[in-house]
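Notes for the one structure printed next.
The model shown is predicted, which means the values in this text are computed figures rather than measured ones. In the text below, chain A, chain B and the rest are named by the order of the sequence lines, each starting its count at 1.
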Amino acid sequence: MTESTDTTGTPDDEAATPPRRSLPVRIGRAAGWTLVWLGALTLGFVAHQLWITSWYAQQNQHELAQERVAQWAETSITEVAVQPADTGEPNEDPGDTPPPVYLKVESAPELHAAFALIRIPSIERLADGWNVVEGVTRADLKTGTGHMPDTALPGQPGNAVISGHRTTYGQPFHELDQLQPGDLIEVETALGTHVYAVRETLVVAPTELSVTEPKPGAWLTLTTCHPKFSARQRLVVVAELVAGPNFEAIQEMS
Amino acid sequence: MIRRLYRMLPGPTPVRILLSIVIIAGVLVGLHFFYDWLGTIVFDTGGTVG
């Protein structure tokens with residue numbers, strides 16, 4: 001009985017060994033195989049970035065939605081009295097101070113936890129909403145869009161900054177460049193729905209921290225990579241609060 | 001080349017098949033982390049500023 005075992009160096013194997021090829025042929029074959037492997041690795045990279053990361057983000061969105069609802073149930077909401085801004089006009093009666101305005105404030109979300117939902121009705125991908133987690137580490141942004149800590153919470157005075165992927169991990173901000181001035185952006189938190197209107201779109205360097213700085217009124221700044229499939233620059237969308245639980249109080253403050 | 005690598009594995013065929021599966025899984029996991037790292041450097045960092 002003939003055994004077709006896997007041992008090396010058998011007479012059969014030696015007989016099957018092809019004759020030694022010339023150096024140019026061997027170099028050509030090596031170059032060919034190298035290109036084949038490089039092509040396979042590149043295709044794998046593209047498939048990983050486009051599909052596997054998006055699948056991962058979609059899976060996480062379901063979990064984050066449950067986490068967000070639980071977080072809202074635990075969030076405590078308080079009203080804080082704030083003195084309206086000084087108008088600069090002389091006040092003849094020192095005792096006649098304007099009454100304070102009351103701002104609704106929610107407790108700070110836990111780091112890395114989902115606490116908000118961002119919706120952009122004019123962008124199909126974001127029409128149903130995308131969860132926002134607290135934090136902008138690499139791990140945070142793999143699961144959703146991330147709110148930059150130390151910036152204002154959505155719906156509060158100041159500048160709330162939210163970052164998100166453009167071409168990978170679900171591509172939440174893929175079509176952010178299509179937003180026009182006046183388009184609405186809704187951010188839902190435990191307080192309610194805060195509606196912002198787009199005011200301007202900028203392209204800046206990744207180190208341009210000035211776009212995250214606080215400013216009078218209530219603003220929302222969305223940042224993502226630009227151009228698509230490149231991390232060379234940042235696309236920045238600046239929007240102003242136009243409706244929501246704190247809108248009137250913030251108007252009176254400023 | 002793949003056939004040659006397979007023949008270099010020790011043990012009988014079942015062991016070689018098992019080893020192949022473990023090695024392929026290891027390579028895929030390594031590639032995942034490499035692609036992930038490369039993607040966040042080259043393609044899309046997540047859009048953060050600063």
If the contact rule is any heavy atom under 4.5 Å from chain B, which residues of [range] qualify, in numerical order?
range                       : value
residues 119-142 of chain A : A:V136, A:R138, A:L141, A:K142
residues 198-208 of chain A : A:P206, A:T207, A:E208
residues 221-232 of chain A : A:T223, A:T224, A:C225, A:F229, A:S230, A:A231
residues 154-167 of chain A : A:S163, A:G164, A:H165, A:R166, A:T167

Would you call B:L31 and A:L41 a side-chain contact if the rule is heavy atoms closer than 4.5 Å?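 Side chain of B:L31 against side chain of A:L41, heavy atoms only: contact under 4.5 Å found.
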Quick check: do A:R234 and B:T45 have side-chain heavy atoms less than 4.5 Å from each other?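 Yes. Closest side-chain heavy atoms under 4.5 Å.
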Please report the interatomic distance CG(B:D44) to CD(A:Q171), rounded to the nearest 0.5 Å.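 The distance works out to 8.5 Å.
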How far apart are the closest heavy atoms of A:H48 and B:Y35, and which atoms are they?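 Here A:H48 and B:Y35 meet closest at ND1-CB, 3.5 Å.
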Cut-off 4.5 Å, heavy atoms of chain B, and the answer for A:F173 is neither
CD (A:Q59) with more than 12 external heavy atoms under 6.0 Å: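 Enclosed.
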Can the ring centres of B:F43 and A:Y169 be said to be less than 6.0 Å apart?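 Ring centres of A:Y169 and B:F43 not closer than 6.0 Å.
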Could you look at B:V42 and say if it's the side chain, the backbone, both or neither that has a heavy atom under 4.5 Å from chain A? backbone
